[in-house]
Amino acid sequence: MVVRTRFAPSPSGFLHLGNARTALFAFLYARAKGGRFILRIEDTDQERIVAGSEASFIEDLKWLQLTWDEGPDIGGPLGPYRCSERYDIYERELKRLTKLARVYRCFCTPDQLDQDRKLLSSQKKVIKYVGRCLSISEADATKRAATEPFVWRMHVPDGAPVTIEDSIRGHVEMQREVIGDFVLSRASGVPVFLFANAVDDALQEMTHVVRGEDHLSNTFRQVLIFQTMGYKTPQFAHLPLIGAEDGGKLSKREGSLGIRDLREQGYIREGILNYLSLLGWSPGDTGKTGEKFKPEELMKLFDLDRVHKGRALFDFQKLNFLNQQHMNDLSLAELERLAPPKNSAWAPIWKDALALVRHDAHTVQELYKVEKFLGQPDYQTDNATKILKADKSKQALEKGLQYLKQSLGENKALEEGLKQSIQSSGKDLGLKGKDLYFPFRVAITGVEAGPELVPLAKILGGQEVVHRLERAIQFAG
RNA sequence: GUCCCCUUCGUCUAGCCCGGUCUAGGACACCUCCCUUUCACGGAGGUAACGGGGGUUCGAAUCCCCCAGGGGACGCCA
């Protein structure tokens, strides 16, 4: 049996941490089992479609390289892969279902249904359809259908509980009495998600349905559809939901947690994928230390039965760590491509500059902190002022500058020259350690912390280093 | 309100199905030390958890029951 999984987003939103993780798990499972991953656009409700949403999903999924084998853009043997292009199929299947189960027209207005629900709620009863239209005769219903709007409902008779054997949650069951007769298609004739989704999963031969836990209660109704229509019920896997860092709902912060946003903030796909895979799943003992996994490794290791049941809270710190780990695997050329110099004057030295700060950066964006060292240092800050105006700072810098000029005049290499100049200056004045190096560091960069001084000086060039030392001496004076 | 699901370090988790090997392991973060002219990287340590209460058992994080807390669903949304 070839495993087939799918990701079926509604084109009303965008790819965010929550649905990206769902897509990832479905994708990884298909890959781990040598199966196929399918993209289906769930656009049954035309009113909710947001322009550009589908394209945005496709772009972000492609960026993450969660590549699909069948989908709306590339087609496939069991298409179409967009719900809006499958209305004739839903119509046909609804007609078929009508002959297999008690499916009836419901003429209740939204207002009536709303009142029913309020009453039920006040009576502390299960909120479900009251069955008002169930008793309308077929003849009457047909007659009224000519002039009144109606929806199709499927009747759920009492009986044995509906059960699901979930890959993650195990055995789950629901009493039929609490399910209620549910809507299959709207007054407009368009099927609702519950029905269309089940039809699509069946006809597109999905073997595994991987989705969020928020769908769990829908699943009982869909199982009823699968069973009465003679479809093969897929294996379900309901993923735990992801919560925000503060323990609240992720949706509150959805705006800042879009995959697109993370990408713009400088997270790379390997880091995001690695982090997301660990949100609710763990590989168990892999025989190696650490939790860094490349996408290719995940495609081998992943399995649904190792998904955790409890919900996970999103944590930027771990994302940062893993992103940094994966950035370490990138070559300087790749880093430069991801973070090109913003100032064209820095282009010739940019790669060397990135090399100085690459291990310091959690994200691609953080690489740009090297700009701070390439640009003119600011001595006006409290710390810089304090260090430059300290007791022997000015003298140390003057001595150092003197040695450096001499060294450069003799055409010695800047790296060696600067190092010796600082040391000689220290010897002359009896300075060492931070008292000696901090004035030079601050003179050249403006701050006490940063990349190694000598390599940085090499990038800046002798003339620039001399210039900065002179400026610092002037400031100190 | 009703139904369903969940609950191990601050966070992500291993272990749970098949009770003892768990004085509960790993990762992130944090702290300490080493490396180092600084920060970081890297290396070595450390602090830190089985939601509560009953049972079953010689023995329970692991099995059973109750409670509490959290989440989800209850739409002519998906």
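Letters go in sequence order (proteins before strands), and every chain restarts at 1.
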On RNA chain B, more 5' by nearest nucleotide between A:Val172 and A:Val454 is A:Val172

Result for 5'-nearest mapping on RNA chain B, choosing between A:Glu213 and A:Leu278, is A:Glu213

Go through [options] for me and flag the one nearest to the [X] side chain.
{"X": "A:Asp214", "options": "B:A29, B:A73, B:C6", "value": "B:A73"}
{"X": "A:Ala312", "options": "B:U13, B:U38, B:C4", "value": "B:U13"}
{"X": "A:Met174", "options": "B:C6, B:U38, B:C4", "value": "B:C4"}
{"X": "A:Thr44", "options": "B:A27, B:A78, B:G71", "value": "B:A78"}
{"X": "A:Arg311", "options": "B:A27, B:G70, B:U38", "value": "B:G70"}
{"X": "A:Arg306", "options": "B:C28, B:G15, B:U38", "value": "B:G15"}

Inset, instruction - Respond yes when some side-chain nitrogen or oxygen of A:Ser282 is under 4.0 Å from OP1 or OP2 of B:A27, and no when none is. - result: no

Are [X] and [Y] close enough for a salt bridge, meaning some N to O gap below 4.0 Å?
{"X": "A:Asp114", "Y": "A:Lys118", "value": "yes"}
{"X": "A:Arg132", "Y": "A:Asp116", "value": "yes"}
{"X": "A:Asp201", "Y": "A:Arg6", "value": "yes"}
{"X": "A:Arg311", "Y": "A:Glu213", "value": "no"}
{"X": "A:Glu54", "Y": "A:Arg82", "value": "yes"}
{"X": "A:Lys288", "Y": "A:Glu297", "value": "yes"}
{"X": "A:Lys294", "Y": "A:Asp329", "value": "yes"}

Determine the interatomic distance between [atom1] on [N] and the same-named atom on [M]; round to the nearest Å.
{"N": "B:A61", "M": "B:G25", "atom1": "P", "value": "14 Å"}
{"N": "B:C9", "M": "B:C28", "atom1": "C1'", "value": "12 Å"}
{"N": "B:C33", "M": "B:U38", "atom1": "P", "value": "14 Å"}
{"N": "B:C76", "M": "B:C30", "atom1": "P", "value": "50 Å"}
{"N": "B:A29", "M": "B:U11", "atom1": "P", "value": "16 Å"}
{"N": "B:G20", "M": "B:A60", "atom1": "P", "value": "11 Å"}
{"N": "B:G42", "M": "B:U23", "atom1": "P", "value": "33 Å"}

For a quick check of understanding: with a heavy-atom distance under 4.0 Å over all strands, which category does [X] fall into, base, sugar-phosphate or nothing?
{"X": "A:Glu452", "result": "base"}
{"X": "A:Gly284", "result": "nothing"}
{"X": "A:Gly212", "result": "nothing"}

Polar-atom pairs under 3.5 Å, protein N or O versus N or O of nucleotides 43-48 of chain B: list them with distances, or write none.
none

Taking N or O atoms only and anything under 3.5 Å, show me the protein contacts with nucleotides 74-76 of chain B, one pair per line.
from: B:C74; atom 1: O2'; to: A:Ile127; atom 2: O; distance (Å): 2.6
from: B:G75; atom 1: OP2; to: A:Arg117; atom 2: NH1; distance (Å): 3.3
from: B:C76; atom 1: O2; to: A:Ala187; atom 2: N; distance (Å): 3.0
from: B:C76; atom 1: N4; to: A:Cys108; atom 2: O; distance (Å): 3.3

Which pairs, protein N/O on one side and nucleotides 17-21 of chain B N/O on the other, fall under 3.5 Å?
none

Side-chain donor-acceptor contact under 3.5 Å, A:His238 with A:Thr219 = yes

With a cut-off of 3.5 Å and sequence neighbours excluded, list every side-chain donor-acceptor pair involving residues 439-457 of chain A.
from: A:Arg441; atom 1: NH1; to: A:Pro451; atom 2: O; distance (Å): 3.1
from: A:Arg441; atom 1: NH2; to: A:Pro451; atom 2: O; distance (Å): 3.1
from: A:Thr445; atom 1: OG1; to: A:Arg441; atom 2: O; distance (Å): 2.8
from: A:Thr445; atom 1: OG1; to: A:Val447; atom 2: N; distance (Å): 3.2
from: A:Thr445; atom 1: OG1; to: A:Val447; atom 2: O; distance (Å): 2.9
from: A:Glu448; atom 1: OE2; to: A:Asn383; atom 2: ND2; distance (Å): 3.3

> Taking the six-membered ring of A:Phe150, is NZ or CZ of A:Arg105 closer than 6.0 Å to its centre and within 45° of its axis?
Replying inline: yes

query = Quick one: does A:Gln123 reach the base of B:G1 with a side-chain donor-acceptor pair under 3.5 Å?
reply = no

The correct set of residues in residues 358-383 of chain A placing a heavy atom under 4.0 Å from RNA chain B is A:His359, A:Asp360

The side-chain contact (heavy atoms from CB on, under 4.5 Å) partners of A:Leu203 (sequence neighbours excluded) come to A:Arg86, A:Ile89, A:Arg92, A:Glu93, A:Val199, A:Tyr231

(request) Establish, yes or no, whether a centroid distance under 6.0 Å links the rings of A:Phe321 and A:His362. (result) no

